[in-house]
Amino acid sequence: MTDDTSASAMPTDTPVRTLLVGAQMLFVAFGALVLVPLLTGLDPNVALFTAGIGTLVFHAVTGVSVPVFLASSFAFIAPIQSSVTNFGIPATLGGMLAAGLVYVLISQLVRLKGTAWLHHLLPPVVVGPVIMVIGLALAPVAVDMATGETSDAIGYGRAIVLSMASLLVTLVLAVFGRGLIRLVPIMGGIVTGYALSMMMGVVDFTPVREAAWLALPEFTAPTFHWAAVLFMIPVAIAPAVEHIGDMVAIGSVTRRHYLEKPGLHRTLLGDGLATCSAALFGGPPNTTYSEVTGAVTLTRAFNPRIMLVTAAIAIVLSFLGKLGALLQTIPAPVMGGIMTLLFGSIAVVGMNTLVRAGSALTEPRNLVVVSLILVFGIGGMQFGDGQFTLQGVSLAALVGIGLNWLLPSAPEA
């Protein structure tokens with residue numbers, strides 16, 4: 001596989017085609033992109049802005065060589081929700097900034113030491129259950145939203161209709177959709193649920209009418225709270241590992257070896273700086289998007305400069321005040337129905353990580369590591385008090401890493 005082969009398969013880019021394909025890439029990512037801020041209490045316009053800025057930062061670091069678009073990371077949804085509840089949005093942003101710096105640190109260690117140490121520190125027996133904790137820790141929140149527990153104006157009956165309709169359309173598109181339709185299941189579910197909500201008369205358009213057409217996104221500066229920083233830092237582990245898989249996936253599509261050129265250390269650095277820049281403005285952490293990889297596969301849009309157009313469009317849309325207000329009128333049950341599938345799918349990714357590794361989970365060492373990660377992470381175990389509390393995903397990740405380091409390896413059969 002060579003670069004020449006990839007280049008020969010690339011369609012001829014014209015300015016019009018570049019603009020259209022760039023807009024299409026944002027459409028593919030849009031549903032997932034705005035889902036994260038809507039679920040975590042952040043501003044969707046800021047998320048659009050930071051997705052654009054983050055993508056530009058990534059391409060500046062990697063020399064515009066990888067056809068990817070960066071946007072809100074699903075892995076951070078549950079931790080952000082918990083952190084916002086406990087510490088507030090500014091402190092949570094400070095924790096996300098610290099998580100971005102962890103990315104940067106990992107990138108430099110990869111540059112100096114290669115990737116062997118990373119696989120040794122974070123084997124599947126640690127990464128798999130940590131990802132499962134990320135997906136399942138706040139599953140009750142998804143159920144509460146889906147059943148109307150978090151909505152004052154929507155009772156159980158209407159809430160369950162809205163949530164299950166949104167969920168049904170999302171899973172039908174994900175399983176049976178073809179072409180680009182299969183890449184936008186979340187958007188399809190949101191649109192269906194929103195249309196049904198309007199038919200039921202449970203959507204309040206007052207914020208849309210009062211919003212200006214053009215408005216500066218509501219940027220929020222981070223503050224630093226030790227508990228929020230300690231809580232958020234370990235969450236960077238899962239997206240960092242996922243990032244490696246994303247680079248391999250997009251490389252297999254374009255037939256280029258991005259782990260070698262521009263190098264994993266540069267792509268990780270770009271991801272980390274993109275997350276840091278997002279936190280500085282008040283947006284959710286950035287990561288590479290699997291949906292966009294799928295769209296690149298279908299459209300053969302291998303030119304990384306297309307993603308610069310996508311980033312520019314995202315930044316422009318972020319200044320449309322009515323767009324952000326419209327997104328925030330989506331009823332909670334609609335989002336809750338989609339969250340039930342989303343959180344479950346994240347947990348399945350963790351299970352798949354364990355299955356692919358072929359580890360014997362009933363072997364005592366692995367049993368101890370996986371069991372304690374799951375129970376500590378999902379059960380609500382807490383160490384410390386005040387500013388130095390460890391709980392949830394952060395505690396689960398640290399427990400897993402510590403046990404993997406301390407416990408002797410299983411004897412070979």
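Residue numbers run from 1 in the order of the sequence given. As the structure is a prediction and not an experimental result, all values here were calculated from the model.
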Student: Counting only N and O atoms by type, is there a donor-acceptor contact under 3.5 Å from the side chain of Thr62 to the main-chain atoms of Pro262?
Tutor: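 Flag not set: sc Thr62 to bb Pro262 has no pair under 3.5 Å.
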Student: Please give me the minimum heavy-atom distance between Asn45 and Gly324, naming the atom from each residue.
Tutor: OD1-CA, 2.6 Å
Student: Got a donor-acceptor contact below 3.5 angstrom from the Thr310 side chain to the Gly22 backbone?
Tutor: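 Looks like yes, one N/O pair under 3.5 Å.
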Student: I'd like to know whether OH of Tyr156 has more than 12 heavy-atom contacts from other residues, nucleotides or ligands below 6.0 angstrom.
Tutor: no
Student: Within the 4.5 Å heavy-atom criterion, are Met381 and Val399 side-chain neighbours or not?
Tutor: no
Student: Any donor-acceptor pair under 3.5 Å linking the side chain of His225 with the backbone of Ala227?
Tutor: yes
Student: Measure across Thr329 and Leu326 and return the closest heavy-atom pair with its distance rounded to 0.1 Å.
Tutor: OG1-O, 2.6 Å
Student: At what distance, to the nearest 0.5 angstrom, does CD1 of Ile338 lie from CG of Leu38?
Tutor: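 Going from the CD1 atom of Ile338 to the CG atom of Leu38 covers 10.0 Å.
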Student: Once rounded to the nearest 0.5 Å, what's the spacing between atom CG of Leu342 and atom OG1 of Thr170?
Tutor: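 Separation between the atoms: 10.0 Å.
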Student: Kindly compute the distance separating CD1 (Ile313) from CG (Leu19), expressed to the nearest 0.5 Å.
Tutor: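 Here the rounded value is 5.5 Å.
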Student: Using modelled atom types only, decide if a donor and an acceptor are shared between the side chain of Thr288 and the backbone of His243 within a distance under 3.5 Å.
Tutor: no
Student: Side chains of Met145 and Pro333, heavy atoms from C-beta outward: is any pair under 4.5 Å?
Tutor: no
Student: Counting N and O atoms only, with roles assigned by atom type, does the side chain of Asn366 sit under 3.5 Å from a partner on the main chain of Ala360, one being a donor and the other an acceptor?
Tutor: yes
Student: Going through the distances and angles, do Arg256 and Phe302 end up as a side-chain contact (heavy atoms from CB on, under 4.5 Å)?
Tutor: CA-CA 10 Å; Arg256 299 196 180 197; Phe302 297 162; over 6 Å; no
Student: For residues 315-322, which side-chain donor-acceptor pairs fall under 3.5 Å, sequence neighbours excluded?
Tutor:
{"residue": "Ser318", "atom": "OG", "partner": "Ile315", "partner atom": "O", "Å": "2.5"}
{"residue": "Lys322", "atom": "NZ", "partner": "Val208", "partner atom": "O", "Å": "2.7"}
{"residue": "Lys322", "atom": "NZ", "partner": "Ala211", "partner atom": "O", "Å": "2.9"}

Student: Could you grab the distance from atom CE of Met187 to atom CD1 of Ile181, nearest 0.5 Å is fine?
Tutor: 11.0 Å
Student: Within the 4.5 Å heavy-atom criterion, are Arg365 and Asn404 side-chain neighbours or not?
Tutor: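 SC-SC contact between Arg365 and Asn404 confirmed.
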Student: Is the number of heavy atoms from other residues, nucleotides or ligands within 6.0 Å of CD (Glu218) greater than 12?
Tutor: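 Counting other residues, nucleotides and ligands, CD of Glu218 stays at 12 neighbours or fewer.
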Student: Do side-chain atoms of Arg158 reach the backbone of Ala153 as a donor and acceptor pair under 3.5 angstrom?
Tutor: yes
Student: Does Leu109 form a side-chain contact (heavy atoms from CB on, under 4.5 Å) with His265? I'd like the steps, not just the answer.
Tutor: CA-CA 8 Å; Leu109 290 175; His265 64 286; over 6 Å; no
Student: Counting only N and O atoms by type, is there a donor-acceptor contact under 3.5 Å from the side chain of Thr267 to the main-chain atoms of Leu264?
Tutor: yes
Student: Can you check whether Gly337's main-chain N or O pairs, donor with acceptor, with Thr340's side chain at less than 3.5 Å?
Tutor: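 Side chain of Thr340 to backbone of Gly337, a donor-acceptor pair under 3.5 Å: yes, one is there.
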Student: Would you say the side-chain atoms of Glu260 pair up with the backbone N or O of Gly263, donor to acceptor, closer than 3.5 Å?
Tutor: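 No, because the side chain of Glu260 does not come within donor-acceptor range (under 3.5 Å) of the backbone of Gly263.
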Student: Which heavy atom in Ser72 sits nearest to a heavy atom in Pro284, and how many Å separate them?
Tutor: OG-CG, 3.3 Å
Student: Can a donor-acceptor pair be found, under 3.5 Å and without considering hydrogens, that links the side chain of Thr192 to the backbone of Gly188?
Tutor: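 Yes.
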Student: State the CG-CE distance between Leu280 and Met96, to the nearest 0.5 angstrom.
Tutor: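 Rounded to the nearest 0.5 Å, the CG-CE separation comes out at 10.5 Å.
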Student: Report yes if the side chains of Ser151 and Pro331 come closer than 4.5 Å at any heavy-atom pair, otherwise no.
Tutor: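 They are not in contact (no side-chain heavy atoms under 4.5 Å apart), so the answer is no.
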Student: Would you indicate whether the side-chain heavy atoms of Met25 and Val296 approach each other to under 4.5 Å?
Tutor: yes
Student: Please examine the side chains of Ile190 and Ser166, heavy atoms only from C-beta on, and report whether any two atoms are closer than 4.5 Å.
Tutor: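 The answer is no; the side chains never approach within 4.5 Å.
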Student: Can you confirm whether or not the ring centre of Phe219 sits under 6.0 Å from the ring centre of Phe49?
Tutor: yes
Student: Which pair of heavy atoms, one from Leu354 and one from Pro124, lies closest together, and at what distance?
Tutor: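 So the minimum-distance heavy-atom pair works out to CD2-O, 3.4 Å.
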Student: Any non-hydrogen side-chain atom of Asn303 less than 4.5 Å from a side-chain atom of Pro67?
Tutor: no
Student: If you measure from CZ on Phe383 to CG on Leu395, what distance do you get to the nearest 0.5 Å?
Tutor: 5.5 Å
Student: Would you sort out whether Val184 and Phe27 count as a side-chain contact (heavy atoms from CB on, under 4.5 Å), showing the intermediate values?
Tutor: CA-CA 8 Å; Val184 290; Phe27 173 78; 3.7 Å; yes
Student: If you compare all heavy atoms of Phe69 against all heavy atoms of Ala51, which two are closest, and at what distance to 0.1 Å?
Tutor: CZ-CB, 4.0 Å
Student: Using the rule given for side-chain contact (heavy atoms from CB on, under 4.5 Å), can you reason through Gln24 versus Leu20, listing the C-alpha separation, both sets of side-chain angles and the distance that settles it, and then say yes or no?
Tutor: CA-CA 6 Å; Gln24 180 176 257; Leu20 291 176; over 6 Å; no
Student: Looking only at heavy atoms, what is the nearest atom pair of Ile373 and Gly400, with distance?
Tutor: CD1-CA, 3.5 Å
